[in-house]
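Computed from a predicted model, the values in this text were never measured in an experiment. Order of the sequence lines sets the chain letters (A, B, ...), proteins ahead of strands, with each chain counted from 1.
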Amino acid sequence: MAALLPGGDALDLARTLQSGQTFRWRWERGPGGGPVAVGVVGRDVFRLSQDGRELWLIAPDTPGGRARLTEYLGVSPAARRIPSIETALAADPVVARVLARTRGIGILAQDPWEVLVSFIVSANNNIPKICTSIDRLCRALGAPLGEGAFAFPTPDRLAAARSRMLAACLLGYRAPYVRAAARLIADGRLELARLARMPLDTARERLLEIPGVGEKVADCTLLFGLRHTSAFPVDVWVRRAVERLYFRGRPRTARQIQEFARERFGPLAGYAQQHLFCYARAHLRPRADDAPRRPPMRGDGGGARRPDRGELGGYRAIVANA
DNA sequence: GGGCAGGTGTAAT
DNA sequence: ATTACACCTGCC
């Protein structure tokens, strides 16, 4: 039997799992022919389905499994409800339009270690290859969980891995970064869990000290692994969305985009980022004038001026609706 | 086949 | 503080 997940109806499972925050879910055909999402979370191999709106846990259908999945999906009663988040975000007229295509995206409560490694691997890489690398890492160094599934490797195992093995996982030049990060954690020089309780900027600085971790990877780790919902990772898609939807297509620096997101979305910036990212991937194709990047010049019409404000600019107006 | 891909490190302005 | 450039390697 399968269990209905209370609170799962506001979550769009497919959009959430395909929103670029995790690389460990795949889709299978269920017994009835419908799509089933299969993914490893910790030591659980979860199987989920969603027909219409209702979200079902197929396995492991146990009290513990239900509790851990509820926590992971962020649909526990204690969690901020998706409807209230989306209502608040819709105070921004641009996001309000975006939401029509992206409603239901949640932010998963992932293991920060897995997120950190995954996004170090993601640098200058493509998604199919990232998935292959993560899968090979788990098969080579992760604990077997049955069903041909493997847990994500511990820092210890990864710190001790041979270069040959990391190369076989297609890590390429990122292998030394991954191993250095693993040693930091394994040696106790860096405790990721502590970063979840630190102010965003402080935690970010600590992450930036890790080899292979730049601003984008740091922000992904903060948002997807450390519950810092005001983090706003800026990749090529989010940059494209912000520049086109808020700055008339004018180039902005990463710094400007960060500042914009903080001011406009505040503690909901991470959610706004997810919606803008998914919208951009689906509806904002690359344009020739996106590149090469050029710093904004004075007198180019854009300059250093503020973005166009909606009727309700600023996050205070936005969170007031939450 | 060659450029590209959810960036980052490094060296040189 | 900013700006080029290289980079493993499978994919399209």
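Closest approach to the A:Asn124 side chain among C:dC7, B:dG6, B:dG9 is made by C:dC7 (side chain taken as heavy atoms from C-beta onward). Closest contact between the side chain of A:Lys129 and the listed nucleotides C:dT9, B:dG7, B:dG9 involves C:dT9.
Toward the 5' end of DNA chain C, the nearer of the two residues A:Pro128 and A:Gly172, judged by each one's closest nucleotide, is A:Gly172. DNA chain B is contacted by both A:Asn126 and A:Leu208; A:Asn126 maps to the nucleotide lying nearer its 5′ end (nearest heavy atom per residue).
When the P atom is compared between C:dC8 and B:dG1, the two are found 23 Å apart, to the nearest whole Å. As rounded to the nearest Å, B:dG6 and C:dC12 have P atoms that lie 11 Å from one another. Between the C1' atoms of B:dA5 and C:dA6, the separation comes to 15 Å (whole Å).
Between the CZ atom of A:Phe23 and the C1' atom of B:dA5 there is a distance of 12 Å, given to the nearest Å. Atoms CD1 (A:Ile120) and P (C:dC8) sit 16 Å apart, rounded to a whole Å. Rounding to whole angstrom units, CD1 of residue A:Ile130 and C1' of C:dC8 are separated by 13 Å. Summarising the geometry, the separation between CZ on A:Arg240 and C1' on B:dA5 is reported as 12 Å, rounded to the nearest angstrom. Look at CZ on A:Arg285: it is 14 Å from C1' on B:dC4, rounded to the nearest Å. As a whole-Å value, the separation of A:Glu215 CD from B:dG9 C1' is 13 Å. Taking atom CG on A:Leu137 and atom P on C:dT9, their separation rounds to 14 Å, with Å as the unit. B:dT8 atom C1' lies 15 Å from atom CG of A:Leu171, rounded to whole Å.
Side-chain contact between A:Ile58 and A:Ser49 is present, with heavy atoms from C-beta onward closer than 4.5 Å.
Sparse packing is recorded around CZ of A:Arg164, with 12 or fewer heavy atoms of other residues, nucleotides or ligands lying under 6.0 Å away.
Residue contacts for A:Ile210: at a heavy-atom cut-off of 4.0 Å it reaches the sugar-phosphate backbone alone, with no base atom in range. Using a 4.0 Å heavy-atom criterion, one finds that A:Phe277 contacts the bases of the nucleic acid, with or without backbone contacts as well. A:Gly212 comes within 4.0 angstrom of the backbone, heavy atoms only, and of no base. Using a 4.0 Å heavy-atom cutoff across all strands shown, A:Leu170 reaches sugar-phosphate atoms only and no base atom. Among the heavy atoms of the strands, none lies under 4.0 Å from A:Val238. No engagement by A:Pro233 is indicated, since no non-hydrogen atom pair under 4.0 Å with the nucleic acid exists.
Ring orientation note: the planes of A:His283 and A:Tyr279 are tilted relative to one another, at an angle of 30° to 60°. A:Phe260 and A:Phe265 have perpendicular rings, their planes meeting at more than 60° on a 0 to 90° scale where under 30° would count as parallel.
A:Asn124 and A:Tyr173 form a side-chain donor-acceptor contact under 3.5 Å, judged by distance and modelled atom types alone.
Between the side chain of A:Tyr173 and the base of B:dG9, no donor-acceptor pair of N or O atoms lies under 3.5 Å. For A:Arg174 against C:dC8, a side-chain N or O and a base N or O form a donor-acceptor pair under 3.5 Å.
Base pairing annotation: B:dT8 forms a Watson-Crick or G-U wobble pair with C:dA6, both donor-acceptor distances under 3.5 Å.
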Please test A:Phe232 against A:Phe277 for ring pair (Phe, Tyr, Trp, His ring centres under 6.0 Å), starting from the C-alpha separation and ending with a verdict.
CA-CA 11 Å; A:Phe232 192 85; A:Phe277 172 82; over 10 Å; no
